[in-house]
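Data block below; observations after.
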Amino acid sequence: MRLGAVLALGLLAACTTPDGPAPQVFDPYEGANRRMHAFNRGLDRALLRPAGTTYAKVVPDDVSDAVGNFAGNLATPSYVVNDILQARLDDALVNTYRFVVNSTIGMAGLVDAAEIFGVPARRSDFGETLYVWGLPEGAYVELPGVGPSTERRAAGMAVDLFTNPLSYVLDDPEKYAGPVAGVVKRIGDRGRYAGTVDSLLYDSADSYAQARLTYLQNRRFTLGSNQGGSGNDAGDPFADPYEDPYAQASQDPYADPYADPYAE
């Protein structure tokens with residue numbers, strides 16, 4: 001954990017910050033990001049999309065759900081650690097309850113029994129912890145094999161490799177069950193949501209800009225919702241980065257940023 005914290009601090013020390021007020025989209029590495037986006041699209045086209053499509057056709061939905069539940073349950077102790085670091089003790093208790101119930105009644109997490117009992121998941125990560133601690137979002141970045149992120153979120157992902165207590169108490173190979181299940185879940189999700197992902201990656205006029213906009217909106221909304229709007233990220237999280245800054249701001253946050261605003 002200490003190694004992860006040192007790594008995160010080192011990454012955050014290199015975070016880029018804008019001169020003056022933070023723009024809605026701060027992307028000083030756009031050239032490199034676009035090249036990485038092209039690499040990720042190629043990886044998706046060659047590997048993830050075919051694997052996800054095959055998985056969705058071969059694996060029944062209930063089995064796919066069980067894999068997702070199993071992966072989520074093994075990630076829950078990490079949520080608890082981040083809840084404590086964020087001083088969200090109620091959420092820490094809820095996630096502890098979920099882990100105990102799902103690990104026992106839920107057959108090692110294959111069934112989300114806690115959800116059935118009316119206790120839904122309250123996910124968290126170290127990127128959110130850094131947000132609560134007041135660290136800025138940093139620049140937008142696209143990571144190889146991962147996709148859209150920010151410098152703060154990327155630093156958080158590095159620390160999340162060390163925040164799950166199960167990785168310290170389980171022996172080999174059991175300690176790798178969670179990460180492997182998480183990868184399988186991602187492949188399954190790629191197949192399950194193929195239409196949405198394909199539309200974004202292959203049907204958009206500018207898939208890079210659309211993915212960036214969608215990610216930042218969703219991430220900022222999630223952080224704001226979880227923390228009641230706390231933190232220091234500037235501006236409306238739903239604001240369209242392509243909008244005329246002098247135009248009236250009351251627009252649909254999910255409107256197509258490429259649509260002609262004067263068309264009927």
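Remember, it's a predicted structure, so these values are computed and weren't measured experimentally.
If you check the side chains of Asn82 and Asp125, you find no donor sitting under 3.5 Å from an acceptor. Of the N and O atoms on the side chains of Tyr202 and Asp44, at least one donor lies less than 3.5 Å from an acceptor on the other residue.
Asp27 and Arg212 are joined by a salt bridge, as a carboxylate oxygen and a charged side-chain nitrogen come within less than 4.0 angstrom of each other. Look at Asp189 and Lys185 and you find a salt bridge, because one of the NZ, NE, NH1 or NH2 atoms lies within 4.0 Å of a carboxylate O, short of that distance. For Glu137 and Arg220, the salt-bridge test passes: some basic side-chain N is under 4.0 Å from an acidic carboxylate O.
Between the CZ atom in Phe26 and the CG atom in Leu216 there is a gap of 12.5 Å [rounded to 0.5 Å]. Rounding to the nearest 0.5 Å places CG of Asn33 at 9.0 Å from CZ of Arg35. Note that CD1 of Ile187 is 8.5 Å distant from OH of Tyr55, once rounded to the nearest 0.5 Å. Considering OG of Ser124 and CG of Asn226, their distance stands at 7.0 Å, rounded to 0.5 Å. A distance of 5.5 Å separates CZ in Phe39 from CG in Leu43, rounded to the nearest 0.5 Å. Atoms CG and CG, from Leu130 and Leu135 in turn, are 5.5 Å apart once rounded to the nearest 0.5 Å.
Residues Leu93 and Val100 fall into different hydrophobic clusters, defined by Ile, Leu, Val, Met, Phe, Trp and Tyr side chains chained together at heavy-atom separations under 4.5 Å. Clustering ILVMFWY residues whenever any of their side-chain heavy atoms sit less than 4.5 angstrom apart, transitively, puts Val59 in the very cluster that holds Val184. Hydrophobic cluster membership is shared by Tyr168 and Leu161, with clusters built from Ile, Leu, Val, Met, Phe, Trp and Tyr side chains linked at under 4.5 angstrom. Clustering ILVMFWY residues whenever any of their side-chain heavy atoms sit less than 4.5 angstrom apart, transitively, puts Val183 in the very cluster that holds Val67. By the rule that hydrophobic residues join a cluster once side-chain heavy atoms approach within less than 4.5 Å of another member, Tyr97 and Ile116 end up as members of one cluster.
Within the 4.5 Å cutoff, side-chain heavy atoms of Val119 are placed close to those of Val94. Val81 is listed as a side-chain neighbour of Pro165, based on a closest heavy-atom distance under 4.5 Å. Residues Thr163 and Asp160 have side chains in contact (heavy-atom distance under 4.5 Å, counting atoms from C-beta outward). Here the side chains of Glu174 and Val169 are not in contact, with every heavy-atom distance at 4.5 Å or above. Considering only heavy atoms from C-beta on, Val141 stays 4.5 Å or farther from Met36 through its side chain.
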Query - Pair Val146-Met157, side-chain contact (heavy atoms from CB on, under 4.5 Å): steps then yes or no - result: CA-CA 11 Å; Val146 175; Met157 283 190 283; 4.2 Å; yes
Report task. Please lay out, stage by stage, how Tyr215 and Ser149 fare under the test side-chain contact (heavy atoms from CB on, under 4.5 Å). Result -> CA-CA 7 Å; Tyr215 172 79; Ser149 186; 4.2 Å; yes
Requested in this report: Begin with the C-alpha distance, continue with both residues' side-chain angles, and end with the deciding distance and a verdict on salt bridge (Lys or Arg N to Asp or Glu O under 4.0 Å) for Arg190 and Asp198.
Outcome: CA-CA 9 Å; Arg190 178 62 180 90; Asp198 286 350; 2.7 Å; yes
Requested in this report: Might you work through the side-chain contact (heavy atoms from CB on, under 4.5 Å) test for Leu110 and Asn69, ending with a clear yes or no?
Outcome: CA-CA 5 Å; Leu110 294 175; Asn69 292 337; 5.8 Å; no
Requested in this report: Starting from the C-alpha separation in whole Å, work towards a yes-or-no answer on salt bridge (Lys or Arg N to Asp or Glu O under 4.0 Å) for Arg98 and Asp112.
Outcome: CA-CA 8 Å; Arg98 281 182 51 80; Asp112 193 344; 3.2 Å; yes
Query raised in the report: Please walk me through it: do Phe221 and Asn218 pass side-chain contact (heavy atoms from CB on, under 4.5 Å)?
Result: CA-CA 5 Å; Phe221 175 76; Asn218 289 342; 5.8 Å; no
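Minimum interatomic distance between Val58 and Pro60 (heavy atoms only, all atoms of both residues): O-CD, 3.5 Å. For Gly182 against Ala71, the heavy-atom pair with the smallest separation is N-CB, 3.8 Å.
In this structure Ala177 satisfies the side-chain contact (heavy atoms from CB on, under 4.5 Å) test together with Phe70, Leu74, sequence neighbours excluded.
Of the possible donor and acceptor atoms, one in the side chain of Ser167 sits under 3.5 Å from a partner among the backbone N and O of Asn164. No donor-acceptor distance shorter than 3.5 angstrom exists from the side chain of Glu142 to the backbone of Gly147, with no hydrogens or angles considered. Remark: the backbone N or O of Gln86 is not paired with any side-chain donor or acceptor of Trp133 at under 3.5 angstrom. A donor-acceptor pair is defined here as one N or O able to donate and one able to accept, closer than 3.5 Å; such a pair exists between the side chain of Thr214 and the backbone of Gln210. Judged by distance alone, the side chain of Asn73 and the main-chain N or O of Asn102 form no donor-acceptor pair under 3.5 Å. Judged by distance alone, with hydrogens and angles left aside, the side-chain atoms of Asn40 form a donor-acceptor pair with the main-chain N or O of Leu143 at under 3.5 Å. Distance alone, capped at 3.5 Å, is enough to place a donor-acceptor pair between the Thr76 side chain and the Gly72 backbone. The backbone N or O of Val101 lies less than 3.5 Å from a partner atom in the side chain of Thr104, making a donor-acceptor pair. Looking at Ser199, its side chain never comes within 3.5 Å of a backbone N or O of Gly195 through a donor-acceptor pair.
Considering Arg88, Arg153, Arg152 as possible partners of Glu128, the one that fulfils the salt bridge (charged side-chain N to carboxylate O under 4.0 Å, His left out) test is Arg88. Among Tyr208, Tyr140, Tyr29, the single residue meeting the ring-ring contact (aromatic ring centres under 6.0 Å, His included) criterion with His37 is Tyr208.
A 6.0 Å sphere centred on CZ of Arg123 holds no more than 12 heavy atoms belonging to other residues, nucleotides or ligands.
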